[in-house]
Number of protein chains: 2
Amino acid sequence: MSDRRTQILDAAATLIAERGFTSTSVDDVIKGAKLSGKSHFYHYFKSKDELGYEVLNRQFERFAERGLAILREPMIDPLERLNLFIDAVVALQSESGGRRGSPFGNLAAELADAHEGFRVRIEAVFERWASQIRSLLWEARPQLQDDVDAVRLSRFIIAALEGAVLMTRVKRDLSVLEGIAIDLKRFIAMHVRDGAVVQHSRNHE
Amino acid sequence: MSDRRTQILDAAATLIAERGFTSTSVDDVIKGAKLSGKSHFYHYFKSKDELGYEVLNRQFERFAERGLAILREPMIDPLERLNLFIDAVVALQSESGGRRGSPFGNLAAELADAHEGFRVRIEAVFERWASQIRSLLWEARPQLQDDVDAVRLSRFIIAALEGAVLMTRVKRDLSVLEGIAIDLKRFIAMHVRDGAVVQHSRNHE
DNA sequence: CAATGATAGGACCACACGGTCCAATGCGCA
DNA sequence: TGCGCATTGGACCGTGTGGTCCTATCATTG
């Protein structure tokens with residue numbers, strides 16, 4: 001696809017992450033992507049909503065590459081991968097000083113009730129995320145207690161992370177997320193079968 | 001205070017909970033509260049922002065009465081009160097079928113970055129909430145392990161609940177919140193000192 | 001009675017918004 | 001040389017927004 005399209009998508013992603021979808025105007029995006037005018041923008045996107053949908057997709061793909069990919073690393077112990085994934089979420093938030101929040105959670109809270117099109121797409125994003133965690137949990141089942149509910153646990157992990165990111169954003173304090181990350185790891189460790197061993201990789205602090 | 005003011009506040013609270021602050025226009029509030037026109041509204045509030053601030057305060061007060069009050073019940077075991085409080089959050093969400101979400105979390109995600117005035121006020125709300133949980137944890141310290149970090153645990157509880165409510169809203173499925181509530185109680189129980197007893201009250205299912 | 005606040009209703013404003021349309025120019029590729 | 005897409009630039013439109021102003025009618029209360 002053309003270079004401009006991704007340029008617009010990137011600019012829009014930044015603006016939406018900073019100010020939300022509603023508060024980001026098409027004119028803002030035009031300025032951000034250094035386009036010449038409205039006609040230039042509408043040459044690439046047929047509406048603001050369509051732009052929003054594509055931004056959401058793109059954000060999820062980036063998250064899949066930089067975050068969720070860790071969950072599938074074949075050479076690392078699955079439960080250790082979960083810890084590394086949590087570390088990665090913390091690291092991603094650190095890049096913006098915790099000010100940015102989750103691109104999914106933000107949109108979810110902003111649009112879940114007001115805009116059905118977005119709600120459905122955000123639901124799909126959470127579902128894909130949850131299914132990746134469920135797969136990992138399934139892979140780790142020899143180390144887990146028999147009664148672990150993978151669906152429930154995967155939802156809990158996502159909820160805790162989303163809530164943590166939200167609180168971090170409100171308090172403008174990264175240590176909120178760090179503390180919750182610690183507790184979340186401890187909660188996961190609580191599900192390990194007695195006597196099972198979790199193999200720690202070297203690069204984990 | 002005059003009856004009209006609270007009438008406006010109530011109408012605005014409903015609308016903001018349904019559609020967010022930005023998407024709720026002053027005219028919507030006027031219709032909702034059955035006022036005669038703009039002048040009638042501006043007779044009671046000097047700006048839309050001021051209305052928003054008061055709605056936020058009011059929502060917190062209602063939450064304090066209907067939810068946080070449980071945390072201070074003197075006749076019930078503190079840790080059991082925590083469980084009852086979690087049940088109350090679930091019950092509150094049930095009233096709207098999980099569609100409404102947290103009045104604080106919604107505003108937080110919508111306005112934390114865009115509107116400093118709201119961000120500060122929402123931060124204060126979370127802080128007051130957290131401090132109530134910390135007090136309870138302090139009261140329960142004979143039953144808790146020595147190394148329990150009350151600040152961290154209180155934040156974790158709030159984050160898990162806020163995240164759960166958000167996911168519930170996106171999925172339009174109350175069972176998400178119910179599942180997370182179960183896990184959250186188990187996480188709290190994990191901090192109980194070996195041999196300590198948690199006194200269960202009768203009305204708890 | 002007079003004064004005061006509540007109610008009513010509407011005109012008006014400046015601005016921002018998403019979106020359309022058009023006319024002109026650049027620019028690479030067959 | 002010509003075709004088609006990319007770019008530029010701007011006028012324009014309908015609608016909704018928060019907010020102001022003005023006038024007039026009620027009811028209450030000193």
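Numbers restart at 1 for each chain; the letters A, B, ... are given by sequence-line order, proteins then strands.
We find that CZ of A:Phe45 is positioned 15 Å from P of C:dG18, with the value rounded to whole Å. With rounding to whole Å, A:Arg19 atom CZ is found 13 Å from C:dA16 atom P. With rounding to whole Å, A:Asp3 atom CG is found 19 Å from D:dC5 atom P. In this structure, the CG atom of A:Asp49 is 12 Å from the C1' atom of C:dG19, given to the nearest Å. Protein atom NE2 of A:His40 is 18 Å distant from nucleotide atom P of C:dT25, rounded to whole Å. For the pair B:Tyr44 OH and C:dA6 C1', the computed distance is 5 Å after rounding to whole Å. One atom, NZ of A:Lys48, and another, P of C:dA16, lie 15 Å apart when rounded to the nearest Å. Distance, B:Asp27 CG to C:dA11 C1': 14 Å, rounded to whole Å.
Side-chain N/O atoms of B:Ser39 and base N/O atoms of C:dG10 include a donor-acceptor pair closer than 3.5 Å.
Ion pair B:Glu127/A:Lys171 flagged as a salt bridge, since at least one NZ, NE, NH1 or NH2 atom sits closer than 4.0 Å to an Asp/Glu carboxylate oxygen. Salt-bridge formation is not detected for the pair B:Arg62/B:Glu65: no Lys NZ or Arg NE/NH1/NH2 atom is positioned less than 4.0 Å from an Asp or Glu carboxylate oxygen.
Using the six-membered ring where Trp is involved, B:Phe126 and B:Trp129 have ring planes that are parallel, under 30° apart on the 30 and 60° scheme.
Between A:Arg5 and A:Glu54, some side-chain heavy-atom pair lies under the 4.5 Å cut-off.
Regarding contacts with the backbone of C:dG19, every side-chain N or O of A:Lys38 stays at 4.0 angstrom or more from both OP1 and OP2. OP1 or OP2 of C:dA6 has not a single side-chain nitrogen or oxygen of B:Arg4 nearer than 4.0 Å. Note on A:Ser25: a side-chain N or O is less than 4.0 Å away from OP1 or OP2 of C:dC17.
Out of C:dG18, D:dT7, C:dA8, the shortest distance to the side chain of A:Tyr42 is found at C:dG18. When each of C:dG19, D:dT7, D:dG19 is scored by its nearest atom to the side-chain atoms of A:Ser47, the top-ranked nucleotide is C:dG19.
Nearer the 5' end of DNA chain C, as judged by each residue's closest nucleotide, is the contact made by B:Lys34, out of A:Thr24 and B:Lys34.
Residues passing the side-chain contact (heavy atoms from CB on, under 4.5 Å) test with A:Tyr42 are A:Val26, A:Lys38, sequence neighbours excluded.
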